[in-house]
Participant: 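First, the structure itself, so that you have it in front of you.
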Amino acid sequence: MAHFDTVIVGAGHGGTAVADQLRRHKYEGTIGIVEAQPGLPYERPHLSKGALYAEGARPKVPLRGDKWLRTRRVTLLGGAGVATVDMDERRLTLSCGMEIGYGKLVLATGVQPRQPSYSARVPMALGTPADACRVLDALRAIRSLAVVGGGFVGLEVASAAAARGIGVFIFEREDRLLKRALGADVSETIRRAHEGAGATVLLGSAVDDIVRLDDGGYRIVCGDRNVVVDEVLAGVGSVPLLPAFKGRTPRLDNGFVVTGRHGTTDVEGVYAVGDVARIVADDGAPLPYSPCIENALHSAEMAARHIAGGPAGGRAYVQILWTDQMGLKVRSAGSMAGAEAAAERIDLDGAGNAYVVICRDARNVVTGMESVNFPKVQTVGKRAVSEEWTVDRFIDQVVNPDRDVANHPDKVS
C-alpha cells in the first residue's frame, strides 16, 4: 500500500495551493494529490463570468505542470477518485481499488450544483467547464430563459443571456436578490439593472414545479403564474463532493465539513479547504464564505501553515466576493451582516452609479464593505477589515488613495 505523509484529495486551486504552501513552509514530508480527473491539474475558470461571453470552446489551461510537480516533490495520482476514507485506519480506497495510507489528510474536493426536485429535471446548471459549454450552446439557440435562484451564478448567466437579446425570467424565493451575500443598496442596484435590460425579476417567488412540454420547452409554475420558456437554469446553491466515510466522520453542516480557521476538523490530522469547508470562529460562530478562487487560496495557506508546524497567525480570513453583470462591477470584502442598521454609503460620482457601502461595529470599526463600479477599493476594504480600521480611516483612504495609511492618526488599539 502506498503511503504519504500528507494526502490531498482534489487537484483544484485549493488542493494544489496546499501542496505549494507546504513546500514554501519548508515541509519535508511526502505529498500525494489524488484527483478523479486524468492528466495535469487544470485551471477552473470563473464559469458564470467571462466564459459565457466567449464564442469558442475554452481550452483547459494547466494549473500546475510537470515541472511544478518535480520541484515541489508532489506525486499526482490522477484518473481515479476516492471511494472511501477510513479515518480510524488513516487509509483511502480509490475507485480503481488502490489503497493509500496517510499521516495528514486534506479534503479539497469542491462542490457541485444543487439539483432541485421538480416534475422535469432542470436541464442546465453550472459547475464544470463542460456545463459552461452546454449553457453557452443553449444561449446561442434560445429565445427565452428561466433562472431559478437569484444568486451569483443565476444572475451572471441571466446577464450573459440578456446581452444576447434573450428574454429572461428570474425566480427568487427571498424578498430581494443576493440577500445572504450583499446589502440592500447593492441588491437593489442589481435588480434595477436586470429589469432595465428587459428581464422579469420575480421576488418572493418560490417555484412550485417545472414541467417539460411536448415542443421541448418548459412551463414554470409559480403560484398562479405560469411562464413558458425554451430553457431553464438552476442556480440554487451547491452540495459538497465528498467520499464515503468509514469509522469516524468529521463534523458536517448540511453536508459541508466544519473547520476552524486553519482548516482543522474535529478529527485529528484531517483538514478541509476551499468550497467544501465551512469555517467557524474560535467561539463556534460561522464565518461568511463564498466559493471563489481567492477564498480557496486563503484557506489552503492557513491549512498548510498548520500542517507544516509554522507560526500561528498568518493573514486574517476576510471573505471577498465579486461579480460583473449588466455592466456593473460589484465587489465586497468582509461581512455585511447587520449592514442595514449600521451602514454608511458614499456616492463617488454624484449620480449613484458608483458608490461604496461600509458596515461598522459599535467601535466604529469597518467589518465589511461593498462597492459598485469602483473595483479597486476591494483591496483597501480587505485590508481595512483585516487590520480593523475605523470608518474614518477607510473613507480617508478611499477619498485620498495616495495617503500613507500606516501613519493615519485615527487608529483602533
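From a predicted model like this one, the values you see are computed outputs, not experimental measurements. Side-chain atoms are counted along with the backbone in the values below, which use heavy atoms only and exclude waters and symmetry mates.
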Participant: Check whether any side-chain heavy atom of V273 sits under 4.5 Å from a side-chain heavy atom of L107, and report yes or no.
Facilitator: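 Side-chain contact under 4.5 Å: no.
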Participant: Is the side chain of S159 donor-acceptor paired with the backbone N or O of L155 at a distance under 3.5 Å, no angle test?
Facilitator: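 A pair under 3.5 Å: no.
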Participant: Given V366, which of I358, I395, D361 fulfils the side chain to side chain contact (heavy atoms under 4.5 Å, CB included) condition?
Facilitator: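 Among I358, I395, D361, the one that satisfies the side chain to side chain contact (heavy atoms under 4.5 Å, CB included) with V366 is I358.
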Participant: How long is the straight-line distance from NE2 of H194 back to CD1 of I190, given to the nearest 0.5 Å?
Facilitator: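 Between atom CD1 of I190 and atom NE2 of H194 there are 6.5 Å.
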Participant: How long is the gap from CG on L328 to CG on N353, to the nearest 0.5 Å?
Facilitator: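 It comes to 9.0 Å.
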Participant: Tell me whether D137 is salt-bridged to R140, with the criterion being a basic N under 4.0 Å from an acidic carboxylate O.
Facilitator: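 So D137 pairs with R140 through a salt bridge.
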Participant: Salt bridge (charged side-chain N to carboxylate O under 4.0 Å, His left out) between R360 and E344: does it pass, once the steps are laid out?
Facilitator: CA-CA 8 Å; R360 62 165 71 97; E344 179 172 347; 2.5 Å; yes
Participant: What heavy-atom pair brings A11 and E35 nearest, and what distance separates the two atoms?
Facilitator: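 Shortest heavy-atom contact: N-OE1, 2.8 Å.
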Participant: Please tell me whether D209 and S119 have a donor and an acceptor in their side chains that are separated by less than 3.5 angstrom.
Facilitator: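 Result is yes, a qualifying pair exists.
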Participant: I'd like to know if E188 pairs up with R176 as an ion pair, taking the criterion as any Lys NZ or Arg NE/NH1/NH2 lying under 4.0 Å from an Asp or Glu carboxylate oxygen.
Facilitator: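 The answer is no: the pair does not qualify as a salt bridge.
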Participant: Does A206 offer a backbone N or O that forms a donor-acceptor pair with the side chain of R173 under 3.5 Å?
Facilitator: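 Side chain of R173 to backbone of A206: no pair is present.
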Participant: Where is the tightest heavy-atom contact between A272 and V276, given as atom of each residue plus distance?
Facilitator: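 For A272 versus V276, the nearest heavy atoms are CB-CG1, 4.3 Å.
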Participant: Determine yes or no for a side-chain-to-main-chain donor-acceptor pair under 3.5 angstrom, with S95 supplying the side chain and A83 the backbone.
Facilitator: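 No: the side chain of S95 does not pair with the backbone of A83.
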Participant: Should we say atom CZ of R73 is surrounded by more than 12 heavy atoms from elsewhere, each under 6.0 Å from it?
Facilitator: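 Yes, CZ of R73 has more than 12 neighbouring heavy atoms, counting only those of other groups under 6.0 Å.
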Participant: Counting distance only, does the side-chain N/O of R23 pair as donor-acceptor with the main-chain N or O of Y27 below 3.5 Å?
Facilitator: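 Confirmed, R23 side chain pairs with Y27 backbone.
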Participant: What pair of heavy atoms forms the shortest contact from V257 to P250, and how long is it?
Facilitator: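 Heavy-atom minimum between the residues: CG1-CB, 4.2 Å.
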Participant: Under 4.0 Å between a side-chain nitrogen and a carboxylate oxygen: does that hold for R345 and D185?
Facilitator: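 Looking at R345 and D185, the cut-off is met.
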Participant: Y102 and R91: side-chain donor and acceptor closer than 3.5 Å?
Facilitator: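 No, because no side-chain N or O of Y102 sits under 3.5 Å from a partner of the opposite role on R91.
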Participant: Is it true that K179 and E172 have a side-chain N and a carboxylate O under 4.0 angstrom from each other?
Facilitator: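 Looking at K179 and E172, the cut-off is not met.
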Participant: Roughly how far, to the nearest 0.5 Å, is OG of S144 from OH of Y218?
Facilitator: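 Result: 11.5 Å between the selected atoms.
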Participant: Please check if the side chain of D230 supplies one atom and the backbone of I142 the other of a donor-acceptor pair under 3.5 Å.
Facilitator: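 Looks like no, no N/O pair under 3.5 Å.
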Participant: Are side-chain heavy atoms of V7 and V34 found at a separation under 4.5 Å?
Facilitator: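 V7 vs V34: side chains touch.
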Participant: Between D88 and R248, does any side-chain N to carboxylate O distance fall below 4.0 Å?
Facilitator: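 Salt bridge flag = yes for R248 with D88.
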Participant: As a test of understanding, state which of T16, I31, D20 forms a side chain to side chain contact (heavy atoms under 4.5 Å, CB included) with V74.
Facilitator: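 With V74 as partner, T16, I31, D20 yield a single side chain to side chain contact (heavy atoms under 4.5 Å, CB included), made by I31.
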Participant: Any sub-3.5 Å donor-acceptor pair from T265's side-chain atoms to V270's backbone N or O?
Facilitator: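 Side chain of T265 to backbone of V270, a donor-acceptor pair under 3.5 Å: yes, one is there.
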Participant: Check the pair D275, H13 against side chain to side chain contact (heavy atoms under 4.5 Å, CB included), reporting the backbone distance first and the verdict last.
Facilitator: CA-CA 10 Å; D275 300 347; H13 290 87; over 6 Å; no
Participant: Looking at side-chain heavy atoms only, is the closest gap between L76 and P41 below 4.5 Å?
Facilitator: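 Contact flag for L76/P41 side chains = yes.
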Participant: Let me confirm one number: the CG-CE distance from L139 to M124, rounded to the nearest 0.5 Å.
Facilitator: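 Nearest 0.5 Å value for the CG-CE distance: 6.0 Å.
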Participant: Under 6.0 Å between the ring centres of H306 and Y271?
Facilitator: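 H306 vs Y271: aromatic centres under 6.0 Å.
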Participant: Treating D5 as the side-chain partner and G29 as the backbone partner, does any N or O pair qualify as donor plus acceptor under 3.5 Å?
Facilitator: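 The answer is no, because no donor-acceptor pair under 3.5 Å joins these two groups.
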Participant: Give a yes or no on whether a salt bridge exists between K329 and D324, defined as a side-chain N under 4.0 angstrom from a carboxylate O.
Facilitator: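 Result for this pair is yes, salt bridge flagged.
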Participant: With respect to V228, which candidate in V211, I220, D215, L213 satisfies the side chain to side chain contact (heavy atoms under 4.5 Å, CB included) definition?
Facilitator: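 When side chain to side chain contact (heavy atoms under 4.5 Å, CB included) is applied between V228 and each of V211, I220, D215, L213, only L213 qualifies.
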Participant: For D86 and E89, indicate whether the former's side chain and the latter's backbone hold a donor-acceptor pair under 3.5 Å.
Facilitator: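 Yes, D86 side chain to E89 backbone: donor-acceptor pair under 3.5 Å.
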Participant: Distance-only, no hydrogens or angles: does the N295 side chain make a donor-acceptor pair with backbone N or O of I320 under 3.5 Å?
Facilitator: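 Indeed, once roles are kept as given, a pair shorter than 3.5 Å links the two residues.
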Participant: For side chain to side chain contact (heavy atoms under 4.5 Å, CB included), just list the numbers for Q21 and R305, CA-CA rounded to whole Å, side-chain angles, deciding distance to a tenth of an Å, and then say yes or no.
Facilitator: CA-CA 7 Å; Q21 289 293 327; R305 178 189 293 270; over 6 Å; no
Participant: Taking only Lys NZ, Arg NE, NH1 and NH2, and the carboxylate oxygens of Asp or Glu, determine whether R134 and D131 approach each other closer than 4.0 Å.
Facilitator: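 D131 and R134: salt-bridged.
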Participant: Return yes if a side-chain donor-acceptor contact under 3.5 Å exists between N364 and T390, otherwise no.
Facilitator: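 Short answer, no.
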Participant: Is the closest side-chain heavy-atom distance between I210 and V232 below 4.5 Å?
Facilitator: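 Yes, their side chains come closer than 4.5 Å.
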Participant: Is it the case that the side chain of R90 and the backbone of G103 share a donor-acceptor pair, with hydrogens and angles ignored and the cut-off at 3.5 Å?
Facilitator: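 Confirmed, R90 side chain pairs with G103 backbone.
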Participant: Are T6 and V106 packed together at the side-chain level, in the sense that at least one heavy-atom pair is separated by less than 4.5 angstrom?
Facilitator: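 Counting from C-beta outward, T6 and V106 do come under 4.5 Å.
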Participant: Is the shortest heavy-atom distance from the side chain of L177 to the side chain of L203 under 4.5 Å?
Facilitator: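 Result yes, sub-4.5 Å side-chain heavy-atom pair found.
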Participant: Does F374 form a side chain to side chain contact (heavy atoms under 4.5 Å, CB included) with V356? I'd like the steps, not just the answer.
Facilitator: CA-CA 8 Å; F374 192 46; V356 178; 3.9 Å; yes
Participant: In Å, rounded to the nearest 0.5 Å, how long is the span from NE2 of H3 to CD of E99?
Facilitator: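 H3 NE2 to E99 CD: 12.5 Å, rounded to 0.5 Å.
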Participant: Compare all side-chain heavy atoms of R64 with those of R72 and state whether any distance is below 4.5 angstrom.
Facilitator: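 Side-chain contact under 4.5 Å: no.
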Participant: With heavy-atom distances below 4.5 Å as the criterion, would you say the side chains of W389 and V380 are in contact?
Facilitator: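 Counting from C-beta outward, W389 and V380 do come under 4.5 Å.
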Participant: Does either side chain, that of S332 or that of Q378, offer a donor lying less than 3.5 Å from an acceptor on the other one?
Facilitator: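 No donor-acceptor contact under 3.5 Å links the two side chains.
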Participant: CG of L178 to OG1 of T323: how many Å apart, nearest 0.5 Å?
Facilitator: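 Between atom CG of L178 and atom OG1 of T323 there are 7.5 Å.
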Participant: If you apply the rule side chain to side chain contact (heavy atoms under 4.5 Å, CB included), what do you find for Q115 with V122, and how did you get there?
Facilitator: CA-CA 7 Å; Q115 176 64 232; V122 177; 3.3 Å; yes
